[in-house]
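Okay, structure first, notes after.
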2 protein chains.
Amino acid sequence: MGAQRRKQEENAAGQGTDPGENGRSATIRDVAVRAGVSAATVSRVLADNYPVAPKTRQRVLRAVQELNFVVNTHARALAGVRTETVAFVLHDVRGPSFTEAAYGVEREANRRGRLCLICSTEGDQERELAFVKLMREQRASAVILIGGVRDDEQYRARYTEIAHSLHAAGSRLVLCGRPPLGPDVPATVVEYDNEGGAYAITTHLLANGHRRILYLGGALTHTTSQARLAGYHRALDDFGVEPDPSLIEHGEFTRNSGYERTRARLAKSGARPFTAIFAETDMVAAGALTALDEGGVAVPGEISLVGYDDIELAGDLRPRLTTVHVPYEEMGRTAVRLALDLKEGRSRAADQHVVLGTHVVVRQSVGRRRPG
Amino acid sequence: MGAQRRKQEENAAGQGTDPGENGRSATIRDVAVRAGVSAATVSRVLADNYPVAPKTRQRVLRAVQELNFVVNTHARALAGVRTETVAFVLHDVRGPSFTEAAYGVEREANRRGRLCLICSTEGDQERELAFVKLMREQRASAVILIGGVRDDEQYRARYTEIAHSLHAAGSRLVLCGRPPLGPDVPATVVEYDNEGGAYAITTHLLANGHRRILYLGGALTHTTSQARLAGYHRALDDFGVEPDPSLIEHGEFTRNSGYERTRARLAKSGARPFTAIFAETDMVAAGALTALDEGGVAVPGEISLVGYDDIELAGDLRPRLTTVHVPYEEMGRTAVRLALDLKEGRSRAADQHVVLGTHVVVRQSVGRRRPG
DNA sequence: TTGAAAGCGCTAACAC
DNA sequence: GTGTTAGCGCTTTCAA
């Protein structure tokens, strides 16, 4: 698929003579010829970084207009001029929490004169890799990945390699909410206190007298889920409550999963073996709430409910959802800040691992319960 | 800022000798030297499109590993190999409706083997232009813009030019939910029946006996708002109801704007001059509902409420929000489909304008009212 | 099976 | 002020 052959094919397939539609687009050379000057002069006019006679400039600009000339970034980049970009990769653009982080990335990147490119992978690792590859090849300033993963040998090996290859390309890998890869891997990590948040909110439930708390979790292998579940267990332990495995469920981080799982539980037995529900994300909590609502169960009267993430939706639910606030936007901003500061020599490699705090936001979905 | 000078500066600023950190990254030439072959051979190994002796291949791959070599897309693109991408531009990644469209774009682009790049502009036209420029220069297959605009001469002139320059660069401009630019402009337009949806839902309110409907709109100059307001007026007209200008409000498309405006109205007078609220987006409706809730106003008992967009949130509100469904995801998919089909010669220019339908989704936020 | 060489489109020293 | 020229890093003929 060489340049030449490709262009010929395009021409052969062409339907019209409209320049640009099929024929090759105008180059700086074409403009030069039309304006009766050299390519260098055109380049100067375009870059506007060098004195050019007004009349010449006029002619060049006219030619540019007439030919509908568009510079080729690739050629320009090759010649040394960079358009700095920051890339952000998430699973799903529709997910409310990660887009909050995307927003933070975007703002900070912009504040520092970079363009921000976002890519959604639908959780497909191949796609993630393809995008990282593209960004690496385009020499993006930083590539920021967000979203829990399955933390195994394969993960570490794979991302360690990615970190190195990005580094070799003059870019930087940033992991948001993912486990660090090791001390010698050139990657920036921005985590948040996942376990601590889960601990705190479980404690909140326990302090309100709840002892049997249904846990609506994500996939068992998912690092985010593991950390949250760990916090839940630690809190139980601190209160001397024996954990009941039958109260732990694993599923997806979707509204629907929360809905279905809650419905199934509600249908199961007359005497409910739990007085509160800890949904691992607000989305799951929203689904659970709908199921509770449909089942005629009062919240927090009969059952208390808490979520995690503190997305905007939490305040729209009725009752308003008590949840754990995660500083997603700040994570995004921090990710960009750390990576760029490092590149600009304003930060040291040792400071490339940050853990942001989380905290409980008490709203209306938790009620007091006399334990026993 | 030439390549040479830049590199020297980078070296000067360097802290370590780690290759890649500051020094220039390895090129195909470096790999060739290390492997004791020519650059052409390395290229062949990498592209894997040509027979190469197994042993040579081994040596090359090893050298690639050792040097952490990463091809330079720019050079590659310049030499004729394209990574096809589709670009999507929206105002805010956090906005629920447009990200639905982004999802559609992403899926369809992916189905057709393209990578999808998303850019959020925070409503900044300059940023939008910068991104479009970048994508044009990178020769993206299509550049898709979504979000209402101020429809004036400047808009038309500006985007007509963009359409032409994208076309000249072999790309294609797609406008989602924005007014067409004219018959001779090379742009694809995917609209939805904005006015029709507003008409239908207003009719729904009117049919339920509501005559005084508070309208919580967006900016007056915004095309989306204009169309929705037009639908509202047409419905009133069809029912022989005199529109009351004091019931029309303009503001922003945010939760908070809906909240504040509703609160102000509620505070204003004891005798409320309206029995229903038409919020121009579900987001605004969510805010209005909170205000109503706080004011102790029963919905739909005392006041009915409808929104527009049918985002997921609509089903989470209590009462569940009656609203207008807009096929955002389909818009995204359609945008990609039309643009790529055209490029592939599987569609004609005449079919590059599509209007998708909208419809009312009846849930629980509208009550009957005895008119008078 | 491999290498040499030309060229993709642009930029920036260096001459004039 | 403007043109000439030498690359940037890669791919792909063409020749060996």
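Below, read A as the first sequence line, B as the second, and so on, with proteins coming before strands; counting in each chain starts at 1. Remember, predicted model here, so these are calculated numbers, not experimental data.
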Take atom [atom1] of [X] and atom [atom2] of [N], then tell me their distance rounded to the nearest Å.
X	N	atom1	atom2	value
B/Phe69	D/dT11	CZ	C1'	12 Å
B/Ile28	D/dG9	CD1	C1'	8 Å
B/Arg44	D/dC10	CZ	P	15 Å
B/Leu46	D/dT11	CG	P	7 Å
A/Arg139	D/dC8	CZ	P	14 Å
A/Asn72	C/dC10	CG	C1'	8 Å

- prompt: Hey, does the side-chain of A/Arg57 have a donor or acceptor N/O within less than 3.5 Å of a partner on the base of D/dG1?
  reply: no
- prompt: Do side-chain atoms of A/Thr160 reach the backbone of A/Arg156 as a donor and acceptor pair under 3.5 angstrom?
  reply: yes
Identify which nucleotide among [options] has an atom closest to any side-chain atom of [X], counting heavy atoms from C-beta outward.
X	options	result
A/Leu78	C/dC10, D/dG3, D/dC8	D/dC8
B/Tyr50	D/dC10, D/dT2, C/dT2	C/dT2
B/Ser38	C/dC10, D/dT12, C/dA4	C/dA4
A/Ala75	C/dT1, C/dG9, D/dT2	C/dG9
A/Ala40	C/dA4, D/dT4, C/dC14	D/dT4

Across the strands shown, which category fits [X] at heavy-atom distances under 4.0 angstrom: base, sugar-phosphate, nothing?
X	value
A/Ala53	sugar-phosphate
B/Val71	sugar-phosphate
B/Val42	nothing

Considering just the side-chain nitrogens and oxygens of [X], establish if one lies under 4.0 Å of OP1 or OP2 belonging to [N].
X	N	value
B/Asn49	D/dT11	no
A/Thr41	D/dG1	no
B/Arg29	D/dG9	no
A/Thr27	C/dG9	no

query: How about A/Arg127 and B/Asn110: does a side-chain donor come under 3.5 Å of a side-chain acceptor?
result: yes
message: For the residue pair B/Glu128 / B/Thr121, report whether a side-chain donor-acceptor contact shorter than 3.5 Å exists.
response: no
Within 6.0 angstrom of B/Arg107 CZ, more than 12 heavy atoms from elsewhere: no
message: Walk me through whether B/Arg172 and B/Leu338 qualify under side-chain contact (heavy atoms from CB on, under 4.5 Å).
response: CA-CA 10 Å; B/Arg172 177 87 186 173; B/Leu338 290 180; over 6 Å; no
- prompt: Given that B/Arg59 and A/Arg76 both sit by DNA chain C, which one's nearest nucleotide is further toward the 5' end?
  reply: B/Arg59
